[in-house]
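To start, the structure itself, in structure tokens.
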2 protein chains.
Amino acid sequence: MMKYSRQREAIKEYLMERRDHPTAEMVYRDVREANPKISLGTVYRNLSLLVSLGEIQKICCGDGVERYDANVSPHYHYHCTCCGRVMDVPPEQAPPSPIRLREDFPEEVEGCTVLFHGTCRDCKEKSEKTG
Amino acid sequence: MMKYSRQREAIKEYLMERRDHPTAEMVYRDVREANPKISLGTVYRNLSLLVSLGEIQKICCGDGVERYDANVSPHYHYHCTCCGRVMDVPPEQAPPSPIRLREDFPEEVEGCTVLFHGTCRDCKEKSEKTG
DNA sequence: GCAATAATAATAACCATTATCATTATAAGA
DNA sequence: TCTTATAATGATAATGGTTATTATTATTGC
């Protein structure tokens with residue numbers, strides 16, 4: 001039986017008001033301002049719990065740090081391999097979801113993640129200035 | 001200037017003859033049979049090097065272990081969240097690649113990864129037997 | 001062959017995440 | 001409201017995959 005926790009609520013609310021996709025460390029840094037005694041372990045524990053409850057989703061882009069997104073409706077992400085930022089791909093600009101495979105694929109498909117990558121416009125402009 | 005290395009060749013050849021997607025630890029375990037003195041650091045260094053040369057690709061499915069694939073032509077993967085296996089989605093069963101975004105997406109897209117997930121048929125059957 | 005230097009083996013260090021555990025907070029019943 | 005049961009926390013240690021370090025070895029060009 002799950003009990004209410006002020007810390008979990010703060011983490012969830014923080015994620016919901018962000019449009020980017022913070023890492024656990026960022027969540028810890030920012031949630032700590034209003035909850036100075038919260039511990040990093042509590043952040044990790046609640047992020048995992050919220051993921052398993054389906055209230056948030058974890059984004060993995062292979063750079064060694066997980067990111068978290070309170071928007072669990074299906075959408076694509078873009079990862080800048082230069083600055084590390086992860087952004088949403090606006091749905092109207094995304095191609096149709098490839099989430100369904102034909103019935104003859106033997107394995108059961110429960111979900112699908114789509115991750116684009118490249119060097120974002122900001123990084124491109126910076127490197128052009130630097131030469 | 002890059003020099004030839006027997007170890008790097010062995011790692012590349014090993015990956016090319018596998019149809020699954022071994023982890024660095026698996027590469028180490030198996031390549032060591034023919035190269036008993038190879039070190040795990042050498043495996044990691046060469047896997048990274050081969051990735052940056054574009055000769056192999058790294059697959060990240062968010063379970064904390066990276067996998068490697070000598071097939072660099074675009075294709076989709078399926079990750080069983082139960083047994084951890086990663087398999088190729090047969091191209092004829094995959095939906096069309098969503099690799100191109102419309103031109104008005106401001107960021108530059110260099111690539112795209114698509115990862116399906118679920119409980120594979122083998123795991124499903126096992127859990128049915130267990131009850 | 002011989003010098004220059006890239007790559008290796010062995011090992012230590014790193015660091016994001018998870019586990020441990022005594023303490024605190026929450027929920028439910030008397 | 002007091003009490004009890006137990007979920008959740010904070011502090012910290014441990015884990016484990018990956019990377020860095022460094023003396024030594026292997027490869028390349030002359």
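Letters go in sequence order (proteins before strands), and every chain restarts at 1.
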| message | Less than 4.0 angstrom from a charged side-chain N to a carboxylate O is my criterion; do A:Arg19 and A:Asp88 meet it? | response |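 Salt bridge: no.
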
| With a 4.0 Å cut-off, would you call B:Arg121 and A:Glu108 a salt bridge? |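 Not counted as a salt bridge, because no side-chain N and carboxylate O are separated by less than 4.0 Å.
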
| message | Can you pull out every ring pair (Phe, Tyr, Trp, His ring centres under 6.0 Å) where at least one residue sits in residues 18-37 of chain B? Sequence neighbours excluded, please. | response |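 Counting only pairs at least two positions apart or across chains, the ring pair (Phe, Tyr, Trp, His ring centres under 6.0 Å) contacts touching residues 18-37 of chain B are B:His21-B:His77.
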
Quick one: [X] [atom1] to [N] [atom2], roughly how many Å, whole number?
X	N	atom1	atom2	result
A:Leu40	C:dA16	CG	P	10 Å
B:Asp63	D:dG16	CG	P	14 Å
B:Lys37	C:dA7	NZ	C1'	13 Å
A:Asn35	D:dA8	CG	C1'	14 Å
B:Ile59	D:dG17	CD1	P	18 Å
B:Glu66	D:dG16	CD	P	17 Å
B:Arg29	D:dG17	CZ	P	13 Å

Could you pull out the closest heavy-atom pair between [X] and [Y], with the gap in Å?
X	Y	answer
B:Ala24	B:Val43	O-CG1, 3.7 Å
B:Met87	B:Cys120	CE-CB, 3.7 Å
A:Ile11	A:Thr42	CD1-O, 4.2 Å
A:Gly118	A:Tyr78	C-OH, 3.2 Å
B:Glu66	B:Cys60	OE1-CB, 3.5 Å

| message | Below 4.0 angstrom, which residues in residues 42-54 of chain A have at least one non-hydrogen atom near DNA chain D? | response |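 Those residues are A:Thr42, A:Arg45, A:Asn46.
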
| field | Nearest-nucleotide comparison on DNA chain C, the residue closer to the 5′ end among B:Pro36 and B:Met1 | value |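 So the residue in question is B:Met1.
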
| field | Pairs involving residues 22-40 of chain A, ordered by first then second residue, that meet salt bridge (Lys or Arg N to Asp or Glu O under 4.0 Å) (sequence neighbours left out) | value |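 Non-adjacent pairs meeting salt bridge (Lys or Arg N to Asp or Glu O under 4.0 Å): A:Arg18-A:Asp30.
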
Side-chain atoms of residues 50-57 of chain B: list all donor-acceptor pairs with protein atoms under 3.5 Å, sequence neighbours left out, distances to 0.1 Å.
unit_1: B:Ser52; atom_1: OG; unit_2: B:Ser48; atom_2: O; d: 3.4
unit_1: B:Ser52; atom_1: OG; unit_2: B:Leu49; atom_2: O; d: 2.9
unit_1: B:Glu55; atom_1: OE1; unit_2: B:Lys12; atom_2: NZ; d: 2.9

| query | Side chains of A:Cys83 and A:Asp122: does their closest heavy-atom pair fall under 4.5 Å? | reply |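 Of all side-chain heavy-atom pairs linking A:Asp122 with A:Cys83, none is under 4.5 Å.
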
| field | Any residue of residues 2-27 of chain B with a heavy atom less than 4.0 Å from an atom of DNA chain C | value |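 Under 4.0 Å from DNA chain C: B:Met2, B:Lys3, B:Ser5, B:Gln7, B:Arg8.
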
Between the protein and nucleotides 1-4 of chain D, list every N/O to N/O distance that falls short of 3.5 Å.
none

